[in-house]
Undergrad: 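Quick one: the structure is below, questions incoming.
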Protein chains: 2
Amino acid sequence: MTTDLLNIRDMCDAFDVTPRTLRFYEAKELLFPIREGQKRLFTKRDRARLKLILRGKRFGFSLEEIRQLLDLYHMNDGQEAQLSKTYVLAEQHLAAMEAKKAELEEAINELKEQMVWGADKLAQLAKEKTVAA
Amino acid sequence: MTTDLLNIRDMCDAFDVTPRTLRFYEAKELLFPIREGQKRLFTKRDRARLKLILRGKRFGFSLEEIRQLLDLYHMNDGQEAQLSKTYVLAEQHLAAMEAKKAELEEAINELKEQMVWGADKLAQLAKEKTVAA
DNA sequence: CGTTACGTTTACGTGCGCGTCAACTTTGCT
DNA sequence: AGCAAAGTTGACGCGCACGTAAACGTAACG
């Protein structure tokens, strides 16, 4: 193992983000790197969280939304009340994601239809050319 | 038909957006309402585009990205060169969407795993309670 | 011991996606 | 003619997600 702890530079290289971004996420309480003196050291947990953060961003979630959702993937095994509350949230989130998936499939199909139309049009233009020759 | 043209108010109500948003999208060349004197009238085409715009936003695209993608769904049947270029773009976009779909499925599965873990934990806590009783 | 590399905090700047007045015109009713 | 409702064009403001520059710490290397 390479110490299992990454300094900010290696963390940035690993995820293709800037130091500013990592510090910003820490300030927003999305990441909790430990400190060696002044310097940040990113743990395996931070890496898991960052992966989820970046994924969340790709799907259009705000950092604040992501912050709330991150707990779902950790289930801090605290009190039952808290845990079950988190679980309910996770169910809702899951439903939202599946809805998004359905919408995405719809979007894909619509685009495919348009492309069939475009392909036809192109074939037609090609044919006209051939006739003209 | 109700004239097939919507004023700004009806357009807003139909899509749950504000007038500011519609004017903003027009300024960014995402929509092209026709003018009756001063006033904007939104066509069927504008409605189709707005639907795609809002969908694009839900998937985290910027307005500029969306603007470029909108043409894919219209295939302005201009020159063959332009049309085939658009078609290639559409293919790329389609690939990107299917990649996104795959990632979304992965995310869904991961969340489900976490939820199984959480459910187990909850069941365990419930059992402890029963035993204590 | 100086300097080079890497990291830190603090703070102001920036682009996007609108919100929010303010000031005006146009339209329809009475 | 008068007045309210609906729409218009600026123009400035704002929250988010960082970028960027300044000033400083500190550890290593020749």
Side-chain angles (χ1 to χ4, degrees), chain A residues 2-43 46-47 49-71 93 96 100, chain B residues 2-43 45-47 49-71 96 100:
Chain A
T2 49
T3 320
D4 201 37
L5 294 177
L6 298 186
N7 62 22
I8 200 166
R9 211 31 280 160
D10 293 339
M11 189 73 171
C12 288
D13 292 346
F15 289 92
D16 194 32
V17 296
T18 69
R20 179 70 177 92
T21 299
L22 295 181
R23 297 192 192 104
F24 185 76
Y25 288 172
E26 183 186 3
K28 293 286 176 181
E29 301 193 285
L30 294 169
L31 297 177
F32 305 95
I34 59 179
R35 296 303 182 104
E36 181 192 60
Q38 276 259 89
K39 308 189 172 174
R40 292 168 175 81
L41 291 178
F42 294 88
T43 68
D46 289 316
R47 295 197 287 281
R49 292 174 74 90
L50 183 52
K51 181 183 172 189
L52 291 169
I53 292 167
L54 297 178
R55 173 188 286 166
K57 289 201 62 185
R58 282 194 293 277
F59 289 119
F61 292 103
S62 75
L63 291 185
E64 176 54 23
E65 288 173 313
I66 291 171
R67 193 184 63 75
Q68 295 172 15
L69 296 178
L70 273 176
D71 296 339
H93 186 205
K100 219 159 197 178
Chain B
T2 49
T3 320
D4 200 38
L5 294 177
L6 298 187
N7 62 23
I8 200 166
R9 207 39 273 164
D10 293 339
M11 189 72 171
C12 287
D13 292 346
F15 289 92
D16 195 31
V17 295
T18 69
R20 179 68 176 95
T21 298
L22 296 181
R23 297 193 192 103
F24 186 76
Y25 290 171
E26 183 186 5
K28 293 285 174 180
E29 301 194 285
L30 295 169
L31 297 176
F32 305 95
I34 59 180
R35 296 302 183 103
E36 182 191 61
Q38 276 259 84
K39 309 192 172 174
R40 293 167 175 81
L41 292 178
F42 294 86
T43 67
R45 177 158 149 278
D46 289 315
R47 295 196 287 281
R49 292 175 73 91
L50 183 53
K51 182 183 171 187
L52 292 170
I53 292 167
L54 298 178
R55 173 189 286 166
K57 290 200 60 184
R58 283 194 292 276
F59 290 120
F61 291 104
S62 73
L63 292 185
E64 176 55 23
E65 288 173 313
I66 291 171
R67 192 184 62 75
Q68 295 172 16
L69 295 178
L70 274 176
D71 296 339
K100 217 160 197 176

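Just so it is clear: chains get the letters A, B, ... in the order the sequence lines come, proteins before strands, and each one is counted from 1. These figures come from a predicted structure and were not determined experimentally.
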Undergrad: Using whole Å, what does the distance between atom P of nucleotide D:dC18 and atom CG of A:Leu50 come to?
TA: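 In whole Å, D:dC18 P lies 11 Å from A:Leu50 CG.
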
Undergrad: Measure from the side-chain heavy atoms of A:Ile8 and tell me the nearest of C:dG7, D:dT20, C:dG17.
TA: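 Looking only at heavy atoms from C-beta outward on A:Ile8, the closest nucleotide is C:dG7.
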
Undergrad: Salt bridge check: are B:Glu64 and B:Arg67 linked by an N-O gap of less than 4.0 Å?
TA: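 Salt bridge present between B:Glu64 and B:Arg67.
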
Undergrad: Think A:Lys100 forms a cation-pi with A:Phe61, using NZ or CZ under 6.0 Å from the six-ring centre and within 45 degrees of its axis?
TA: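 Yes - A:Lys100 lies over the ring of A:Phe61, closer than 6.0 Å to its centre and within 45° of its axis.
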
Undergrad: Please state how far atom CD in A:Glu36 lies from atom P in D:dG25, giving the value in whole angstrom units.
TA: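 In whole Å, D:dG25 P and A:Glu36 CD are 19 Å from each other.
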
Undergrad: Using a cut-off of less than 4.0 Å, is there contact between a side-chain N or O of B:Thr18 and OP1 or OP2 of C:dG19?
TA: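 Looking at the OP1 and OP2 atoms of C:dG19, one of them is under 4.0 Å from a side-chain N or O of B:Thr18.
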
Undergrad: Mind listing the closest non-hydrogen atom pair of A:Glu65 and A:Gly60 along with its distance?
TA: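 In this case the closest contact between A:Glu65 and A:Gly60 is OE1-O, 4.4 Å.
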
Undergrad: Nearest nucleotide by nearest heavy atom, which residue falls closer to the 5' end of DNA chain C, B:Phe61 or A:Pro19?
TA: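 Counting from the 5' end, the first nearest nucleotide belongs to A:Pro19.
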
Undergrad: Tell me whether A:Asp46 contacts the main-chain N or O of A:Thr43 through its side chain, where contact means a donor paired with an acceptor under 3.5 Å.
TA: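 A pair under 3.5 Å: yes.
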
Undergrad: Under 4.0 Å, heavy atoms only, any strand: does A:Lys57 hit a base, just the sugar-phosphate, or nothing?
TA: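 The answer is sugar-phosphate, as A:Lys57 gets under 4.0 Å only of primed atoms, P, OP1 or OP2.
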
Undergrad: Using a cut-off of 6.0 Å, state whether more than 12 heavy atoms not belonging to B:Asp16 lie near its atom CG.
TA: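 Count not over threshold, so no.
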
Undergrad: Looking only at side-chain atoms of A:Arg35, point me to the closest of C:dA11, C:dC18, C:dT9.
TA: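 Selected nucleotide (nearest to the side chain): C:dT9.
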
Undergrad: Rounded to whole angstrom units, what separation is found between the NZ atom of B:Lys39 and the P atom of C:dG28?
TA: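 It works out to 7 Å between those atoms.
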
Undergrad: Students often get this wrong, so: under 4.0 angstrom with heavy atoms, is B:Arg40 touching a base, only sugar-phosphate, or nothing?
TA: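 The residue B:Arg40 makes sugar-phosphate contact but no base contact.
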
Undergrad: Closer than 4.0 Å, any side-chain N/O of B:Tyr25 to the OP1 or OP2 of C:dC18?
TA: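 Checking B:Tyr25 against C:dC18: at least one side-chain N or O falls below 4.0 Å of OP1 or OP2.
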
Undergrad: So does A:Arg20 reach the base of D:dT20 with its side chain, donor to acceptor, closer than 3.5 Å?
TA: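 Yes.
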
Undergrad: Would you mind reading off the distance between A:Ile66 atom CD1 and D:dC16 atom P, rounded to a whole angstrom?
TA: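 About 13 Å, once rounded to whole Å.
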
Undergrad: How many whole angstroms separate atom CD of A:Glu29 from atom C1' of D:dC16?
TA: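 Result: 17 Å.
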
Undergrad: If I take atom CG in residue B:Leu30 and atom P in nucleotide C:dG17, what distance separates them, rounded to the nearest angstrom?
TA: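 Going from CG in B:Leu30 over to P in C:dG17 covers 9 Å.
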
Undergrad: Using OP1 and OP2 only, check whether a side-chain N or O of A:Thr21 sits under 4.0 Å from D:dA17.
TA: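 Checking A:Thr21 against D:dA17: no side-chain N or O falls below 4.0 Å of OP1 or OP2.
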
Undergrad: Of A:Gln38 and B:Leu41, whose nearest nucleotide on DNA chain D comes first from the 5' end?
TA: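 Upstream on the strand: B:Leu41.
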
Undergrad: For DNA chain C, whose closest nucleotide is more 5', that of B:Phe24 or that of A:Arg9?
TA: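 It is A:Arg9 whose nearest nucleotide is closer to the 5' end.
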
Undergrad: Quick one: A:Leu22 CG to C:dT8 P, roughly how many Å, whole number?
TA: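 Distance, rounded to whole Å: 9 Å.
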
Undergrad: Both B:Asn7 and A:Glu64 contact DNA chain D. Which one's nearest nucleotide lies toward the 5' end?
TA: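 Result of the comparison: B:Asn7.
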
Undergrad: Classify B:Arg23 by what it touches in the nucleic acid, base, sugar-phosphate, or nothing, heavy-atom distance under 4.0 Å.
TA: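 If one applies the 4.0 Å heavy-atom cut-off, B:Arg23 turns out to touch a base.
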
